[in-house]
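Written out below as structure tokens is the structure these notes cover.
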Amino acid sequence: MLVKDFMTKVVVTVTEDQSMLEAREIMRSKKLISIPVVDDMKRIRGIITADDVNKVSPSDASTLSRHEANYLLGRFRVRDIMSRTVITVHEDETIEYVAYKLYKHKVNALPVADADNKIVGIIAQMDIFRSFVEIMGMDRGCTRITFATEDKPGVVAEISNILKEADVNIITLISHPTDKENNKAEVVIRVDLSNKGMDVIENLRQAGYEITSIMNYEGIE
């Protein structure tokens with residue numbers, strides 16, 4: 001799955017010449033915690049975050065009136081406060097890579113730029129959550145089977161063959177190491193057993209797999 005499949009294509013932006021008061025009001029009205037700064041050709045020039053707004057806003061303990069506080073905030077231009085180093089992604093990058101960049105840089109959203117650094121979208125943490133829900137097949141009823149196995153070549157192929165022979169459809173299959181020193185791994189599969197019995201569980205056990213969890217899920221909206 002790629003960024004272009006989940007990004008928001010209509011992006012709220014501001015320009016360098018706008019006041020910080022305008023930027024704050026846009027962020028408040030749209031419930032945004034960050035907003036890209038672009039030029040008249042939609043090229044990304046910087047980014048403003050809620051923290052940036054707070055840094056130049058009078059504190060709650062200030063004796064300034066609301067009008068006075070807004071007047072002071074209005075004197076700042078976006079260019080005076082924005083961060084000029086902007087982390088961007090491209091629309092053909094993978095969702096997991098974006099998740100890594102969001103985690104590494106501790107940000108909530110990333111602008112999506114084309115080859116000319118023009119903004120074409122934005123992707124946020126909620127988009128990553130949505131992709132995870134779809135990847136895991138949470139919108140479908142299924143049986144979730146977790147089992148322990150050796151971390152070695154051929155495990156996924158063998159599991160797939162066992163399920164194929166039982167005429168069981170695999171919705172998702174995920175394998176990850178749990179103990180690298182001892183070559184141990186955990187495999188989680190979601191399968192459709194709606195018209196099948198539970199014989200496939202026994203088939204997996206007979207093949208030497210240790211079943212650690214079995215859960216049934218109804219599809220969620």
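Index from 1, following the sequence.
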Note to self: Apply side-chain contact (heavy atoms from CB on, under 4.5 Å) to residues Met27 and Arg24 and explain how you reach the verdict.
What the structure shows: CA-CA 5 Å; Met27 293 174 71; Arg24 187 193 68 181; 5.8 Å; no
Next item on the list: Answer yes if Ile170 and Ile214 sit in the same cluster of Ile, Leu, Val, Met, Phe, Trp and Tyr residues linked by side chain heavy atoms under 4.5 Å apart, and no otherwise.
Entry: yes
Margin query: If I take atom CG from residue Asp199 and atom CD1 from residue Ile201, how far apart are they, to the nearest 0.5 angstrom?
Written below: 9.5 Å
Item checked: Nearest-0.5 Å distance that lies between atom CD1 in Ile135 and atom CZ in Arg130 -> 11.0 Å
Note to self: When you group the ILVMFWY residues by side-chain heavy-atom contacts below 4.5 Å and let the links chain together, are Ile123 and Tyr100 in the same group?
What the structure shows: no
Margin query: Keeping Arg84 on the side-chain end and Arg79 on the backbone end, is there a donor-acceptor pair under 3.5 Å?
Written below: yes
Check: Can Met126 be reached from Val3 by stepping across I, L, V, M, F, W or Y side chains whose heavy atoms are under 4.5 Å apart?
Finding: no
Note to self: Do Met41 and Lys118 have side chains that approach each other closer than 4.5 Å (heavy atoms only, starting at C-beta)?
What the structure shows: yes
Notebook entry, point to check: Pro177 versus Lys180: any side-chain heavy-atom pair under 4.5 Å?
Noted result: yes
Notebook entry, point to check: Hey, are the side chains of Ile87 and His105 touching, using non-hydrogen atoms and a 4.5 Å cut-off?
Noted result: yes
Note to self: Any side-chain to backbone donor/acceptor pair from Asn182 onto Asp179? Under 3.5 Å, distance only.
What the structure shows: no
Margin query: Would the distance check show the side chain of Asn161 and the main-chain N or O of Ala157 forming a donor-acceptor pair, the cut-off being under 3.5 Å?
Written below: yes
Note to self: Is there a continuous path of hydrophobic side-chain contacts, each under 4.5 Å between heavy atoms, that joins Ile35 to Ile47?
What the structure shows: no
Item checked: Spatial distance of atom CD1 (Ile128) from atom CG (Asn108) [nearest 0.5 Å] -> 12.0 Å
Checklist line | Separation of Leu193 CG from Thr143 OG1 (nearest 0.5 Å) | finding: 4.0 Å
Check: Should we count CE of Met1 as having more than 12 external heavy atoms under 6.0 Å?
Finding: yes
Next item on the list: Examine Leu110 and Ile44 and state if one hydrophobic cluster contains both, with Ile, Leu, Val, Met, Phe, Trp and Tyr joined whenever side-chain heavy atoms are less than 4.5 Å apart.
Entry: no
Checklist line | Heavy-atom closest pair, residues Pro36 and Val11 | finding: CG-CG1, 4.1 Å
Next item on the list: Nearest 0.5 Å please: distance from the CD atom of Glu202 over to the CD atom of Gln206.
Entry: 4.5 Å
Next item on the list: Output every pair passing ring-ring contact (aromatic ring centres under 6.0 Å, His included) with a member in residues 144-182, not counting sequence neighbours, ordered by first then second residue.
Entry: Phe147-Tyr209
Next item on the list: Kindly give the heavy-atom pair with the smallest separation between Asp114 and His90, and that separation in Å.
Entry: O-CE1, 4.0 Å
Notebook entry, point to check: For the residue pair Ser19 and Val78, what are the closest heavy atoms and their distance?
Noted result: O-CG2, 4.0 Å
Notebook entry, point to check: Taking all non-hydrogen atoms of both residues, which atom of Lys42 and which atom of Thr13 are closest, and how far apart?
Noted result: NZ-OG1, 4.0 Å
Next item on the list: Decide yes or no for Val12 and Leu32: does some side-chain heavy atom of the first lie under 4.5 Å from some side-chain heavy atom of the second?
Entry: yes
Next item on the list: Mind listing the closest non-hydrogen atom pair of Met20 and Arg77 along with its distance?
Entry: CG-O, 3.9 Å
Next item on the list: Look at atom NZ of Lys101 and say whether more than 12 heavy atoms of other residues, nucleotides or ligands are closer to it than 6.0 Å.
Entry: yes
Margin query: Run Asp116 and Arg43 through side-chain contact (heavy atoms from CB on, under 4.5 Å) and show every step you take.
Written below: CA-CA 7 Å; Asp116 298 318; Arg43 292 174 299 195; 5.7 Å; no
Note to self: Once ring-ring contact (aromatic ring centres under 6.0 Å, His included) is applied, what residue pairs with a partner in residues 7-39 remain, sequence neighbours excluded?
What the structure shows: none
Item checked: From Leu102 atom CG to Gln125 atom CD, the distance as rounded to the nearest 0.5 Å -> 6.0 Å
Notebook entry, point to check: Is the NZ or CZ atom of Arg190 positioned over Tyr217's six-membered ring, under 6.0 angstrom from the centre and within 45° of the axis?
Noted result: yes
Item checked: Side chain proximity check, Lys4 to Asp92, heavy atoms < 4.5 angstrom -> yes
Margin query: Working note: Thr146 + Ile211, criterion side-chain contact (heavy atoms from CB on, under 4.5 Å); need CA distance, chi angles, decisive distance, verdict.
Written below: CA-CA 6 Å; Thr146 306; Ile211 308 295; over 6 Å; no
Notebook entry, point to check: Given side chains that start at C-beta, do those of Leu163 and Val200 come closer than 4.5 Å, heavy atoms only?
Noted result: yes
Next item on the list: Just do the salt bridge (charged side-chain N to carboxylate O under 4.0 Å, His left out) check on Asp151 and Lys184 with the steps written out, would you?
Entry: CA-CA 5 Å; Asp151 189 6; Lys184 299 295 182 181; over 6 Å; no
Note to self: Taking the side chain as everything from C-beta on, heavy atoms only, tell me whether Ser83 gets closer than 4.5 Å to Asp52.
What the structure shows: yes
Item checked: Side-chain heavy atoms of Ile159 within contact of Val187, under 4.5 Å -> yes
Check: After noting the C-alpha distance and the side-chain angles of Ile95 and Leu2, does the key distance pass the side-chain contact (heavy atoms from CB on, under 4.5 Å) rule?
Finding: CA-CA 5 Å; Ile95 284 295; Leu2 304 178; over 6 Å; no
Margin query: For a quick test of reading the model, state the closest non-hydrogen atom pair linking Glu91 to Val112 and the distance between them.
Written below: N-CG1, 3.5 Å
